[in-house]
Number of protein chains: 2
Amino acid sequence: MSDGAPSTLMRIGALADKAGRTQRTLHFYEELGLLTPVGRTKGGFRLYDQDSLVRIHWITRLQDLGFSLPEIREFLEALRSAQSAPEMMQSLQSFYAQKRLDTQAQLSRLQALDEELVTALDYLSGCHTCAPATEKSACSGCETGGHADIVAPPLVAGVHDHPSSSMDS
Amino acid sequence: MSDGAPSTLMRIGALADKAGRTQRTLHFYEELGLLTPVGRTKGGFRLYDQDSLVRIHWITRLQDLGFSLPEIREFLEALRSAQSAPEMMQSLQSFYAQKRLDTQAQLSRLQALDEELVTALDYLSGCHTCAPATEKSACSGCETGGHADIVAPPLVAGVHDHPSSSMDS
DNA sequence: TATCACTCTTACGTTCACGTAAGGATTGAT
DNA sequence: ATCAATCCTTACGTGAACGTAAGAGTGATA
């Protein structure tokens, strides 16, 4: 655990490059308490190590999972206030377990929406049978053979124009 | 198609109630060109009909699908510029087809993240074997029996403290 | 020592999707 | 006519996650 090379220290530019984020982003993470440099040069330049990079990847992962940065911050604070290591890991565990529930809920929502998309596409595939010159206004009826009396699915029903014509005193 | 009751007209408050959104939201939709009242009273009150409600549901759906309001606006503009009905429907179709691809990509991303969560939870379940009083700082090593030499998964690796201690000249 | 890329802090700008408030006009019921 | 409820426009506020710029200091090299 104690390599003879603490020279892995880098300044913010290098870290930003390695992590693929901007310096501003890292400053911002620090403002939020998500990422603290391991030290500073006497002149005041931030210094980071390899763990900082890991931390950034971790943050990115959590963001992908749908966490907001303030949420991540809260979480880190909870961790910091933990007394023992197992307590800390329990924290992590219930945190992730909860998030897994959310993720799965999101998954089934997305799946439902995907099916809705399929339904809409199915319906629309019938539209090609319309005479190519059909006027848009005639489309509400559209009994030209395509979909006889099938009700337009929600994703299709919302698109009809009501332009600003035919409005007078 | 011509009911004897055009009295389905309503003002913004009623529509907002039925749609479960605020008046401000409907105003906002109008600013963006997403929803236009069918008319106004002589005094200037907005009037909406049943289609307006359908339109709002449609917008909501698209938002659920991950569209931003400006995107929806662009889309509606594309529709408005379509000449024939089939052209319009083709537009819709390719629009939704594209979105389905996105949705599926998002689905598999979520699934990957879910698996990552499972991995992290698996790993963490080994942590209970630590002596309950283990110090946090000792946890990086943590060879007390739990996970012998398994590498901490990304979702776990980012959480170790480097507090602001042990930093002096 | 001069130079120049790098970094510092401070602070205002931006997009999205509205929230909230102010001050005044409209509706419609009594 | 009056009055409460509803609605109008205008406009500034919010929070998330940074972007962008200004003006000045720092670090390593020539």
Side-chain angles (χ1 to χ4, degrees), chain A residues 7-49 52 55-77 102 167 169, chain B residues 7-49 52 55-77 102 167 169:
Chain A
S7 58
T8 40
L9 290 187
M10 47 192 157
R11 302 193 311 206
I12 198 170
L15 180 58
D17 285 352
K18 289 195 186 187
R21 357 239 64 215
T22 67
Q23 297 187 14
R24 177 62 176 104
T25 297
L26 303 190
H27 283 155
F28 184 54
Y29 287 175
E30 187 176 344
E31 285 174 33
L32 293 182
L34 301 181
L35 178 71
T36 311
V38 294
R40 298 265 189 153
T41 68
K42 51 192 168 183
F45 285 20
R46 273 165 260 251
L47 291 175
Y48 301 92
D49 62 1
S52 308
R55 171 65 66 94
I56 295 174
H57 289 326
W58 179 73
I59 293 172
T60 304
R61 228 79 192 108
L62 290 185
Q63 279 188 292
D64 285 349
L65 281 170
F67 290 101
S68 71
L69 297 184
E71 275 173 326
I72 300 177
R73 170 203 162 87
E74 276 182 48
F75 176 47
L76 277 175
E77 275 170 9
D102 296 352
M167 278 311 297
S169 153
Chain B
S7 57
T8 40
L9 291 188
M10 48 192 158
R11 302 191 312 204
I12 198 171
L15 181 59
D17 286 352
K18 287 195 186 185
R21 358 241 62 220
T22 67
Q23 297 188 13
R24 178 64 177 104
T25 298
L26 303 190
H27 283 155
F28 184 55
Y29 287 175
E30 188 176 345
E31 285 174 34
L32 293 182
L34 301 181
L35 177 71
T36 311
V38 293
R40 298 263 189 156
T41 68
K42 50 193 169 181
F45 285 21
R46 273 165 261 251
L47 291 174
Y48 300 93
D49 63 0
S52 307
R55 171 66 65 94
I56 294 173
H57 288 327
W58 179 73
I59 293 173
T60 304
R61 228 77 191 112
L62 290 185
Q63 278 188 293
D64 286 348
L65 279 171
F67 290 101
S68 70
L69 296 185
E71 276 173 325
I72 299 178
R73 170 204 161 86
E74 277 182 46
F75 177 45
L76 276 176
E77 274 169 9
D102 296 353
M167 279 308 299
S169 151

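Since the structure is predicted, the reported quantities are computational estimates derived from the model, not experimental observations.
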Rounded to the Å, how far apart are [X] [atom1] and [N] [atom2]?
X: A:Leu35; N: D:dA17; atom1: CG; atom2: P; value: 16 Å
X: A:Leu62; N: D:dA17; atom1: CG; atom2: C1'; value: 16 Å
X: B:Leu69; N: C:dT15; atom1: CG; atom2: C1'; value: 12 Å
X: A:Glu30; N: D:dC18; atom1: CD; atom2: P; value: 15 Å
X: A:Glu31; N: D:dA17; atom1: CD; atom2: C1'; value: 11 Å
X: A:Glu71; N: D:dG15; atom1: CD; atom2: P; value: 15 Å
X: B:Phe28; N: D:dG13; atom1: CZ; atom2: P; value: 17 Å
X: A:Ile72; N: D:dC18; atom1: CD1; atom2: P; value: 10 Å

With a non-hydrogen cut-off below 4.0 angstrom, is A:Gln63 in contact with a base, only sugar-phosphate, or nothing?
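Sugar-phosphate contact only.
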Taking 4.0 Å as the cut-off, does a side-chain nitrogen or oxygen of B:Tyr29 come that near to OP1 or OP2 on C:dC18?
yes
Measuring to OP1 and OP2 of C:dT10, would you say a side-chain N or O of A:His27 lies under 4.0 angstrom away?
no
Less than 4.5 Å apart, any side-chain heavy atom of A:Arg11 and any of A:Leu47?
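Heavy-atom side-chain distance check passes, below 4.5 Å.
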By side-chain contact (heavy atoms from CB on, under 4.5 Å), which residues pair with A:Arg24, not counting sequence neighbours?
A:Thr22, A:His27, A:Phe28, A:Glu31
Can you give me the N/O atom pairs linking the protein to nucleotides 26-30 of chain D at distances under 3.5 Å, or say none if there are none?
residue : atom : partner : partner atom : Å
D:dG27  : OP1  : A:Thr41 : OG1          : 3.0
D:dG27  : OP1  : A:Gly43 : N            : 3.1

Is it true that the side chains of B:Tyr29 and B:Arg21 contain a donor and an acceptor less than 3.5 Å apart?
yes
How long is the straight-line distance from CD1 of B:Ile56 back to CG of B:Leu26, given to the nearest 0.5 Å?
4.5 Å
Which residues in residues 12-26 of chain A have a heavy atom closer than 4.0 Å to any atom of DNA chain D?
A:Thr22, A:Arg24, A:Thr25
